[in-house]
Engineer: 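Here it is, the structure in full.
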Amino acid sequence: MPELCVGEHRWAVPTGSNLLDALNEAGLNVPYSCRAGSCHACLVHCQAGQPLDAMPEALALDQHALGWRLACQCRVIEDLQVALFDPQRDGVPAHVCALDWYGDVLRVRLRPERAVRYQAGQHVVLWNGSVARPYSLASLPGEDDFLEFHIDCRRPGAFCDKARGLQVADVLRLGEFRGGALHYDLDWQDRPLWLLAAGTGLAPLWGILREAVRQGHRGEIRVLHVARNSAGHYLAEPLMQLQGVQVELVLEEQMDEALARLRPPSRQTVALVCGAAGSVDRFARRLFIAGVPRGQVFTDVFVEHA
């Protein structure tokens, strides 16, 4: 059986063992969320030996070449020496500069200790102590002097439970910044742009919406936000203040009726969709029925966090 080594800890594991499971079964507490190669919370550094990587394309080429791997996507097939991601060593410190509650949604604004580069709609892994979760950025680079995150604290969860106790000046750590499926493309400037979100799926779309406005988008812009109750429309006021943007705020029980009314102005419509899996599926299905080609529908599914 191959031997797995982390620091001074060495132990044998069955050939083909999932690396994330092997590490956590040994008590090393590697964080994870999706187990699908999307959240990047389980990032580890392979220092000797190579695992069988089922999804090498999930990481940037330079990052992969340096030995970084997603533990959830790797199997141990030979002796392997691994270093765990250490937020104190590898993460960027960021100070909480503002905290605001909107019903069950906590808006967290952070100021990193050094400049970071990102694009509207990207994700970053947030570390609060030893707990890590990926969150979408709601801020707009070049305009906001902070990083903004919208955290749904309605349900209990390791990260949410700690987030409820955050105070201004607390320090979190930033892990990997990564691009998702959602972005703004300058080639879309003359095309209808639809942004459909459920809950805090609005977070990345808020940054992308403002990027489109900043870039002088000339086509129709429409936003549809679905929430459990009126308090869940936590960005209603700033959305309504944007000039030239059609905004529709919909409660969950009205969702099917609202989706049935969707009529894209042309087959050139581009739709960005974000939220939990069930909502994203309903959005995407209705857009297809309405005539928006699948290749023009970009989706980002939020994973329920434990």
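One is the number of the first residue; the rest follow in order along the sequence.
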Engineer: Any side-chain heavy atom of S139 within less than 4.5 Å of one from Y118?
Structural biologist: yes
Engineer: Could you go through the side-chain contact (heavy atoms from CB on, under 4.5 Å) check for L251 and R228 one step at a time?
Structural biologist: CA-CA 6 Å; L251 298 179; R228 292 175 58 249; over 6 Å; no
Engineer: Do we see a donor-acceptor contact under 3.5 Å between the side chains of E176 and W68?
Structural biologist: no
Engineer: Which residue in the set V247, V273, L196 passes side-chain contact (heavy atoms from CB on, under 4.5 Å) when paired with L224?
Structural biologist: L196
Engineer: Between H225 (side chain only) and L195 (backbone N and O only), is there a donor and an acceptor less than 3.5 Å apart?
Structural biologist: no
Engineer: Answer whether the closest heavy-atom distance between the side chains of P112 and L147 falls below 4.5 Å.
Structural biologist: yes
Engineer: Do S266 side-chain atoms and Q268 backbone N/O form a donor-acceptor pair below 3.5 Å?
Structural biologist: yes
Engineer: Ignoring hydrogens, what is the shortest heavy-atom contact between C42 and C72? Give both atom names and the distance.
Structural biologist: SG-N, 3.4 Å
Engineer: How long is the straight-line distance from CD of E25 back to CG of L4, given to the nearest 0.5 Å?
Structural biologist: 11.0 Å
Engineer: Mind checking whether L28 and F85 sit in one hydrophobic cluster, side chains of I, L, V, M, F, W, Y counted as touching below 4.5 Å?
Structural biologist: no
Engineer: To check you understand the geometry: which heavy-atom pair defines the closest contact between R75 and G16, and what is its length?
Structural biologist: NH1-O, 2.8 Å
Engineer: Measure across P204 and G121 and return the closest heavy-atom pair with its distance rounded to 0.1 Å.
Structural biologist: CB-CA, 3.9 Å
Engineer: Heavy-atom count around E237 CD within 6.0 Å, excluding the residue itself: above 12?
Structural biologist: no
Engineer: To check you understand the geometry: which heavy-atom pair defines the closest contact between G175 and W127, and what is its length?
Structural biologist: N-CD1, 4.1 Å
Engineer: For F288, is the NZ or CZ atom of R285 found under 6.0 angstrom from the centre of its six-membered ring and inside 45 degrees of the ring axis?
Structural biologist: no
Engineer: Strictly distance-based, threshold 3.5 Å: is any side-chain N or O of E257 a donor or acceptor partner for the main-chain N or O of Q254?
Structural biologist: no
Engineer: So, do L23 and L84 sit near enough that their side-chain heavy atoms are less than 4.5 Å apart?
Structural biologist: yes
Engineer: Less than 4.5 Å apart, any side-chain heavy atom of V116 and any of F177?
Structural biologist: yes
Engineer: When you measure from the side chain of Q73 to the backbone N and O of L70, does any donor-acceptor pair fall under 3.5 Å?
Structural biologist: no
Engineer: Are any of the side-chain nitrogens in E248 or R261 under 4.0 Å away from the carboxylate oxygens of its partner?
Structural biologist: yes
Engineer: Is there a path of hydrophobic side-chain contacts, each under 4.5 Å between heavy atoms of I/L/V/M/F/W/Y residues, joining L174 to V96?
Structural biologist: yes
Engineer: Give a yes or no on whether L61 atom CG has more than 12 heavy-atom contacts from other residues, nucleotides or ligands under 6.0 Å away.
Structural biologist: no
Engineer: Decide salt bridge (charged side-chain N to carboxylate O under 4.0 Å, His left out) for D21 and R35; before the verdict, give the C-alpha distance in whole Å, the side-chain angles of both, and the deciding distance to 0.1 Å.
Structural biologist: CA-CA 10 Å; D21 291 339; R35 297 187 68 98; 3.0 Å; yes
Engineer: Side-chain contact test, heavy atoms from C-beta onward, threshold under 4.5 Å: evaluate it for V76 versus P51 and give yes or no.
Structural biologist: no
Engineer: Taking atom types as modelled, find out whether D190 and H217 have a side-chain donor-acceptor pair closer than 3.5 angstrom.
Structural biologist: no
Engineer: Of the non-hydrogen atoms in W206 and P238, which two are nearest, and what is the gap between them?
Structural biologist: CH2-CB, 3.6 Å
Engineer: Side chains of S130 and N29, heavy atoms from C-beta outward: is any pair under 4.5 Å?
Structural biologist: no
Engineer: Take L80 and L19 through the side-chain contact (heavy atoms from CB on, under 4.5 Å) test and state the conclusion after the steps.
Structural biologist: CA-CA 10 Å; L80 190 62; L19 179 56; 4.1 Å; yes
Engineer: What distance separates Q119 CD from Q122 CD, expressed to the nearest 0.5 Å?
Structural biologist: 5.5 Å
Engineer: Can you tell me if Y32 has over 12 outside heavy atoms packed within less than 6.0 Å of its OH?
Structural biologist: no
Engineer: Is it the case that the side chain of R263 and the backbone of A260 share a donor-acceptor pair, with hydrogens and angles ignored and the cut-off at 3.5 Å?
Structural biologist: yes
Engineer: Determine yes or no for a side-chain-to-main-chain donor-acceptor pair under 3.5 angstrom, with N128 supplying the side chain and V131 the backbone.
Structural biologist: no
Engineer: Strictly distance-based, threshold 3.5 Å: is any side-chain N or O of D79 a donor or acceptor partner for the main-chain N or O of E3?
Structural biologist: yes
Engineer: Which atoms form the tightest heavy-atom contact between C274 and V280, and what is the distance?
Structural biologist: C-CG2, 3.9 Å
Engineer: Checking D170 side chain against Q167 main chain: does a donor-acceptor pair fall under 3.5 Å?
Structural biologist: yes
Engineer: Please answer: with hydrophobic residues joined when any side-chain heavy atoms are less than 4.5 Å apart, are F159 and V108 in the same cluster?
Structural biologist: yes
Engineer: Do L209 and L272 belong to the same hydrophobic cluster, where Ile, Leu, Val, Met, Phe, Trp and Tyr are linked whenever their side-chain heavy atoms lie under 4.5 Å apart, directly or via other members?
Structural biologist: yes
Engineer: I'd like to know if the side chain of Q296 and the backbone of R267 have a donor-acceptor N/O pair within less than 3.5 Å.
Structural biologist: yes
Engineer: Could you grab the distance from atom CZ of R154 to atom SG of C160, nearest 0.5 Å is fine?
Structural biologist: 10.5 Å
Engineer: Atom SG of C46 and atom CG of L66: how far apart are they, to the nearest 0.5 Å?
Structural biologist: 12.0 Å
Engineer: For R10, does the CZ atom sit with more than 12 other heavy atoms under 6.0 Å from it, leaving out its own atoms?
Structural biologist: no
Engineer: Do R222 and L262 have side chains that get closer than 4.5 Å, going by heavy atoms?
Structural biologist: yes
Engineer: Without hydrogens or angle criteria, can the side chains of Y234 and T200 be said to hold a donor-acceptor pair below 3.5 Å?
Structural biologist: no
Engineer: Rounded to the nearest 0.5 Å, how far apart are CG of D152 and CG of L202?
Structural biologist: 12.0 Å
Engineer: Would you mind listing every side chain to side chain donor-acceptor pair (under 3.5 Å) that reaches into residues 97-116, with sequence neighbours excluded?
Structural biologist: H95-E113, D100-R107, Y102-R107, R109-E148, R111-D145
Engineer: If you measure only the distance, is there a donor-acceptor pair under 3.5 Å linking the side chains of Q50 and R69?
Structural biologist: yes
Engineer: Does the side chain of H123 come under 3.5 Å of the side chain of Y135 through a donor N or O and an acceptor N or O?
Structural biologist: no
Engineer: Determine, step by step, whether L172 and L166 satisfy the side-chain contact (heavy atoms from CB on, under 4.5 Å) criterion, reporting the C-alpha distance in whole Å, the side-chain angles of both residues, the deciding distance to 0.1 Å, and the verdict.
Structural biologist: CA-CA 10 Å; L172 277 66; L166 284 174; 3.6 Å; yes
Engineer: Assess whether atom CZ of R89 is packed by more than 12 heavy atoms of other residues, nucleotides or ligands within 6.0 Å.
Structural biologist: yes
Engineer: By the definition side-chain contact (heavy atoms from CB on, under 4.5 Å), identify the one residue from L235, V245, L205, L242 that meets it with V223.
Structural biologist: V245
Engineer: Is it true that R210 and D144 have a side-chain N and a carboxylate O under 4.0 angstrom from each other?
Structural biologist: yes
Engineer: Which class fits the ring pair W188 and Y184: parallel under 30°, tilted 30 to 60°, perpendicular over 60°?
Structural biologist: perpendicular
Engineer: Answer yes or no: is there a side-chain heavy-atom contact under 4.5 Å between Q243 and V213?
Structural biologist: no
Engineer: So, taking the atom named OG in S230 and the one named CG in L249, what distance separates them when rounded to the nearest 0.5 Å?
Structural biologist: 10.0 Å
Engineer: Between Q47 and C5, does a side-chain contact (heavy atoms from CB on, under 4.5 Å) hold up when you go through it step by step?
Structural biologist: CA-CA 10 Å; Q47 299 176 316; C5 173; over 6 Å; no
Engineer: Say whether, by atom type as modelled, one donor and one acceptor occur between the side chain of R173 and the main chain of V92 under 3.5 angstrom.
Structural biologist: no
